[in-house]
Amino acid sequence: MKDAFGTPQSLLVLGGTSTIGLATARRMIARGVRTVWLAGRPSPVLTAAADSLRALGTDVRTVPFDALDTESHEERLGKIFTEGPIDVVLLAFGVLGDQAHDEADPVAAVRVAQTNYTGAVSAGLVCAGALQAQGHGSLVVLSSVAGERARRGDFIYGSSKAGLDVFAQGLGDALYGTGVHVMVVRPGSARSTAAAGRARTRARLSATPEAVATAIELGLRRRSETVWVPGTLRMVMAAVRHVPRPLFRLLPV
């Protein structure tokens, strides 16, 4: 439950090894979060992530979670909410896939879509229902700028994020007035994966996990519905959406 100043006290990260999820957890722990749940596939990486957060002086618990095992979501995620109220749920799992490989392997392409969209719809609805039942809370959905317009280089991943983005917006409208807040976060490409020598413009439109975490925390305080990281992406994508398709095909995106 939030404290007297409205600061969240508990956080559930779906995708417990996500770099953005963990950066957000660290930032929110510094701001007063006392309990963190990390939901993910059991692994040494998940255990290490939990230990790193415990070292910051907070109570950290892990729960087995597989985005593709949708039949288990209601039981496993619902059980978390029986342990006490959750103030913030961060839906941070997802896979990039390999566009060239996935185009030639429909099974792999479907796995990307099922993880990023189907799994997110299932987990999102389960958590939204639990937040509504407790009467308060925020659901933060990690979308992507890749979902704004189809690009030759990542349209399988981008289409899954586009579906997730529309779902999250609609869910936010459905929950309006219930005490549950839904926030969609649209980061640019991760700066840590950008190759050396990329154009300065691209660097300005990328985002580190820490920058995304900062934007998430600020967005929660403002009860924003949509957050772009960096903020300049909002104007850039407004222009990109209106580039004629024949010209867009020629752009190096």
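Looking at heavy atoms from C-beta onward, Q9 lies out of side-chain contact with T35 at the 4.5 angstrom threshold. Using a 4.5 Å heavy-atom cutoff, the side chains of D102 and V112 are in contact. Looking at V185 and V141, their side chains never come closer than 4.5 Å, going by heavy atoms from C-beta outward. With contacts defined as side-chain heavy-atom distances shorter than 4.5 Å, the pair W37/I86 qualifies. Residues Q99 and R152 have side chains in contact (heavy-atom distance under 4.5 Å, counting atoms from C-beta outward). Side chains of V89 and L131 form a contact here, defined as non-hydrogen atoms less than 4.5 Å apart. Looking at V33 and S10, their side chains never come closer than 4.5 Å, going by heavy atoms from C-beta outward.
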Take H136 and D87, measure what side-chain contact (heavy atoms from CB on, under 4.5 Å) needs, and give me the verdict at the end. CA-CA 7 Å; H136 80 282; D87 296 324; 2.8 Å; yes
Could you give me the CA-CA distance, side-chain angles and deciding distance for L139 and L171, then say whether side-chain contact (heavy atoms from CB on, under 4.5 Å) is met? CA-CA 10 Å; L139 173 62; L171 181 61; 3.7 Å; yes
Donor-acceptor contacts, no H, no angles, side chain residues 224-231, under 3.5 Å, sequence neighbours left out:
none

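Taken to the nearest 0.5 Å, the OG1 atom of T7 stands 9.0 Å off from the CE atom of M28. Distance check, rounded to the nearest 0.5 Å: CD1 of I156 to CG of N116 gives 11.0 Å.
Aromatic pair Y176/H181: centroids not less than 6.0 angstrom apart.
For the pair K79 and E83, the salt-bridge criterion is not met [side-chain N within less than 4.0 Å of a carboxylate O]. Of the charged side-chain nitrogens involved, none lies within less than 4.0 Å of a carboxylate oxygen, so that E217 and R222 do not count as a salt-bridged pair. Between D165 and R186, at least one side-chain nitrogen of the basic residue sits less than 4.0 Å from a carboxylate oxygen of the acidic one, meeting the salt-bridge criterion. A salt bridge does not link E210 with R27: none of the charged nitrogens is closer than 4.0 Å to a carboxylate oxygen.
The minimum heavy-atom distance between L77 and C127, with the atom names listed, is CD1-SG, 4.1 Å.
Aromatic ring pairs are classed by plane angle as parallel below 30°, tilted from 30° to 60° and perpendicular above 60°; the pair Y117 and F167 is perpendicular.
Clustering ILVMFWY residues whenever any of their side-chain heavy atoms sit less than 4.5 angstrom apart, transitively, puts L164 in a cluster other than the one holding V184.
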